[in-house]
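Have a look at the structure below before the remarks.
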Amino acid sequence: MQLNNNVTEFFLLGLTQDPVRKKIVFITFLFFYLAMLLGNLLIIATIKTSRALGSPMYFFLFYLSLSDTCLSTSIAPRVIVDSLSKKNIISFSECIIQVFTAHFFGCLEIFILILMAVDRYVAICRPLHYTTIMNRRVCGVLVAVAWVGSCVHSLVQIFLALSLPFCGPNVIDHYFCDLEPLLELACADTYLVNLLLVSNSGAICLVSFVLLMFSYVVILHSLRNHSAEGRRKALSTCISHITVVILTFVPCVFVYTRPAITFPTDKMVAVFYTIRTPLLDPLIYTLRNAEVKNAMSMLWSKKLILDLR
């Protein structure tokens, strides 16, 4: 691909330029990031070590926590470091890598949420065929397809970014590199690229969100035929999933399904799906799930016993 770029680096304006507010950003992001790491790594370790969490739902939850961790790690550490710097400079290649990783793990999270909805649909609506349909091999293939699909999506984003000529200015009004703010810096007509962006990222967000909400409506409707105890347990699980879906998709739909117009609220909305949602996901799944809480208690008990020895 022939590149026509005079720009070798970009200046990130970040969330604020005020020195006092930058310190607040540093403390806030550091706390959120460390809490997110603790929560998600604890879920990953618990599912990996607990035999009681061997069902497909927890198999997918493992990869959801992994994608949450990687998504935040691709963005948050740089924001933390940049909040202590006077000039936030990122090279062109680093910017492209950040676009790829953010979209890869963000898309993977969306696909895993879809797989979790499929798992709940089969478990609740087709309980007699659940173990046959959602066996370990099928789950592994579905996750592999999700990884491949995320890679294809991210490569499209990179292709769109590299097709843009950048002649200057090189100031990005954001706290991380994304295709939307990069479009504003391109010295060419970006109508077609923006159309492709909406049809790629926007379609994935919007179509997935509609399908997921519709699937949970079907699942909740089917609970009429279950016992009171079965309804209570299934409803508790579905509410957790629906909460995560709303927290994940509403900010993404807001950002990626409209023309390349920057709003003052965009950066704050981006905070939700890059750091706040990955932080809340483990809390939502553990607080409403007795099996996960029990498995975590057993993990900590084993650790304490080993420490005492």
Side-chain angles (χ1 to χ4, degrees), residues 35-73 104-127 130-131 133-150 208-209 211-213 215-216 219-220 232-249 252 272-300:
M36 182 280 304
L37 279 180
L38 177 63
N40 282 292
L41 292 179
L42 184 58
I43 285 182
I44 289 172
T46 303
I47 294 174
K48 201 68 178 176
T49 57
S50 176
R51 293 182 180 179
L53 304 180
S55 66
M57 182 175 72
Y58 299 113
F59 178 75
F60 295 135
L61 180 57
F62 172 89
Y63 284 100
L64 180 67
S65 293
L66 181 63
S67 62
D68 277 342
T69 303
C70 294
L71 173 61
S72 288
T73 302
F104 178 84
F105 292 111
C107 188
L108 180 62
E109 181 179 355
I110 288 173
F111 288 156
I112 295 297
L113 287 172
I114 292 173
L115 295 181
M116 293 178 79
V118 171
D119 172 70
R120 289 301 85 201
Y121 173 81
V122 177
I124 294 171
C125 301
R126 300 287 186 271
Y130 180 68
T131 55
I133 297 173
M134 301 301 294
N135 60 64
R136 197 72 174 181
R137 182 176 176 275
V138 170
C139 292
V141 170
L142 290 174
V143 169
V145 171
W147 280 79
V148 172
S150 302
S208 298
F209 181 55
L211 288 176
L212 281 168
M213 295 309 295
S215 69
Y216 281 114
I219 291 170
L220 293 174
R232 186 195 62 79
K233 187 175 180 180
L235 189 61
S236 177
T237 304
C238 288
I239 287 174
S240 299
H241 289 202
I242 292 169
T243 304
V244 171
V245 166
I246 292 172
L247 288 174
T248 301
F249 279 94
C252 292
F272 275 91
Y273 65 83
T274 58
I275 188 71
R276 196 72 64 84
T277 301
L279 168 65
L280 294 175
D281 283 358
L283 292 175
I284 293 168
Y285 281 114
T286 54
L287 291 177
R288 297 189 62 88
N289 193 307
E291 289 180 332
V292 175
K293 286 190 287 188
N294 292 336
M296 284 183 176
S297 298
M298 291 179 65
L299 180 65
W300 280 108

Here the pair of heavy atoms bringing K48 nearest to F62 is CD-CE1, 4.0 Å
Within the structure provided, determine whether L64 and L113 are in side-chain contact (heavy-atom separation under 4.5 Å). yes
>> Quick one, M134 and F60 - any side-chain contact, counting heavy atoms below 4.5 Å?
In response: yes
Residues L71 and Y273: closest non-hydrogen pair is CD2-O, 3.3 Å
C70 meets the side chain to side chain contact (heavy atoms under 4.5 Å, CB included) criterion, sequence neighbours left out, with L66, F105
By side chain to side chain contact (heavy atoms under 4.5 Å, CB included), L279 pairs with (sequence neighbours left out) F32, A35, M36
Output for pair (S72 OG, L37 CG), nearest 0.5 Å, gives 8.0 Å
Tightest non-hydrogen contact, residues C125 and P127, listed as C-CD, 3.3 Å
For V143 and L115, the nearest pair of non-hydrogen atoms, with its separation, is N-CD1, 4.0 Å
* **Sub-4.5 Å side-chain heavy-atom contact between L53 and T46** => yes
dist D68:CG -> D281:CG (nearest 0.5 Å) comes out at 4.5 Å
Between the CD1 atom in I246 and the OH atom in Y216, the distance rounded to the nearest 0.5 Å is 11.0 Å
For S65, the side chain to side chain contact (heavy atoms under 4.5 Å, CB included) test, sequence neighbours excluded, returns N40, I43, I44, L61
Residues at least two apart in sequence or cross-chain that pass ring pair (Phe, Tyr, Trp, His ring centres under 6.0 Å) with F209, listed by chain then number, are F249
message = With a 6.0 Å cut-off (strictly less than), is the heavy-atom count around CZ of F272, excluding the residue itself, greater than 12?
response = no
Applying side chain to side chain contact (heavy atoms under 4.5 Å, CB included) to V145 and not counting sequence neighbours gives V141
task: Evaluate the side-chain proximity of V122 to P56: yes if any heavy-atom separation is below 4.5 Å, no if none is.
output: no
ask   = Does the side chain of T277 come within less than 4.5 Å of E109's, by heavy atoms?
value = yes
Contacts of Y58 meeting ring pair (Phe, Tyr, Trp, His ring centres under 6.0 Å) (sequence neighbours excluded), chain-then-number -> none
Checklist entry - Are the side chains of W147 and L108 in touch, meaning some heavy atoms are under 4.5 Å apart? => result yes
Note: M116 and M57 closest approach over all heavy atoms is CE-O, 4.3 Å
The reported gap from CG in L220 to CZ in R120 (rounded to nearest 0.5 angstrom) is 12.5 Å
Heavy atoms of F111 and G149 approach each other most closely as CE1-C, 3.6 Å
Rounding to 0.5 Å, atoms CD1 (I114) and CG (D119) come to a distance of 14.0 Å
Handout entry: Close side-chain approach of I242 and M213, heavy atoms under 4.5 Å
Key = yes
Checklist line | Any C139 side-chain heavy atom under 4.5 Å of F59 side chain | finding: yes
